[in-house]
Amino acid sequence: RLKYCYVRQLSRTPKLSGTITVKIRIGRNGKVIDSSISSSTMGSKQVESCLLQIIDLMNFPESKDGIVMAKYAFIFEAE
């Protein structure tokens with residue numbers, strides 16, 4: 001589903017590429033509390049927004065240590 005965010009925009013902008021880094025705050029129960037774009041070289045608000053919508057619905061393993069902060073970089077390149 002995350003790749004679809006990119007592929008959908010790639011059909012409109014064939015040379016679209018870049019790295020989008022997302023910050024994610026995950027609760028003890030494994031549910032995403034919030035997510036945000038930390039940095040982006042892509043320059044596509046559509047792809048960024050779509051990624052955040054999907055990430056916000058994800059579930060992660062429960063944590064005994066409390067809230068977990070994560071950062072993940074998505075690298076997209078046109079083939």
Side-chain angles (χ1 to χ4, degrees):
R1 292 177 54 187
L2 294 168
K3 186 176 179 180
Y4 175 73
C5 294
Y6 172 65
V7 172
R8 182 174 60 187
Q9 290 304 315
L10 188 60
S11 65
R12 296 179 183 144
T13 312
K15 295 189 185 230
L16 186 65
S17 66
T19 301
I20 300 173
T21 303
V22 179
K23 285 193 316 188
I24 310 167
R25 198 162 56 123
I26 306 163
R28 288 188 103 137
N29 60 0
K31 294 191 184 292
V32 174
I33 297 170
D34 58 43
S35 63
S36 62
I37 302 299
S38 176
S39 65
S40 176
T41 62
M42 184 175 290
S44 173
K45 295 296 180 193
Q46 294 87 352
V47 176
E48 294 169 7
S49 173
C50 182
L51 285 178
L52 293 178
Q53 287 175 14
I54 292 171
I55 289 168
D56 285 346
L57 298 174
M58 295 174 93
N59 289 305
F60 293 87
E62 291 185 11
S63 170
K64 295 179 183 177
D65 299 326
I67 294 174
V68 174
M69 301 294 286
K71 221 180 224 191
Y72 193 83
F74 296 91
I75 301 168
F76 298 100
E77 296 178 347
E79 296 179 4

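Keep in mind the model is a prediction, meaning the values are calculated, not measured. Worth knowing before you read on, the calculation uses all heavy atoms, side chains too, and leaves out hydrogens, waters and symmetry mates.
When all heavy atoms are compared, the tightest approach of E62 to N29 is CG-O, 3.6 Å. Residues D56 and S35 share a closest heavy-atom pair of OD1-OG, 2.6 Å. Closest heavy-atom contact between C5 and V47: O-CG2, 3.6 Å. The minimum heavy-atom distance between A78 and P14, with the atom names listed, is CB-O, 3.6 Å. Closest non-hydrogen pair, D65 versus R28, comes out as N-NH2, 4.5 Å. A pairwise comparison of heavy atoms in G18 and T41 identifies CA-OG1, 3.4 Å as the closest pair.
In summary, of the residues considered (I24, N59, L57), a side chain to side chain contact (heavy atoms under 4.5 Å, CB included) with V32 occurs for I24 alone. Applying the side chain to side chain contact (heavy atoms under 4.5 Å, CB included) test between L2 and each of V22, I55, I20 identifies I55 as the sole match.
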| request: Start with the C-alpha distance between I33 and I26, add both sets of side-chain angles, then the distance that settles side-chain contact (heavy atoms from CB on, under 4.5 Å), and finish with yes or no. | output: CA-CA 5 Å; I33 297 170; I26 306 163; over 6 Å; no
| said: What verdict does the side-chain contact (heavy atoms from CB on, under 4.5 Å) test give for F76 and L16, after you've listed the backbone C-alpha separation in whole Å, the side-chain angles of each residue and the deciding distance to 0.1 Å? | reply: CA-CA 8 Å; F76 298 100; L16 186 65; over 6 Å; no
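No hydrogens or angles considered: a donor-acceptor pair under 3.5 Å links the side chains of E48 and S40.
For F60, the CZ atom counts as densely surrounded, since its 6.0 Å shell holds more than 12 non-hydrogen atoms of other residues, nucleotides or ligands. Around the CZ atom of R8, the shell of radius 6.0 Å holds more than 12 heavy atoms that belong to other residues, nucleotides or ligands.
A single hydrophobic cluster is not seen to contain both I75 and L10; linkage of ILVMFWY side chains at heavy-atom distances under 4.5 Å, directly or through other members, places them apart.
Atom SG of residue C50 and atom NZ of residue K3 lie 14.0 Å apart, to the nearest 0.5 angstrom. From Y6, atom OH reaches atom CD of Q46 across 13.5 Å, with rounding to the nearest 0.5 Å. Distance check, rounded to the nearest 0.5 Å: OG1 of T13 to CE of M42 gives 10.0 Å.
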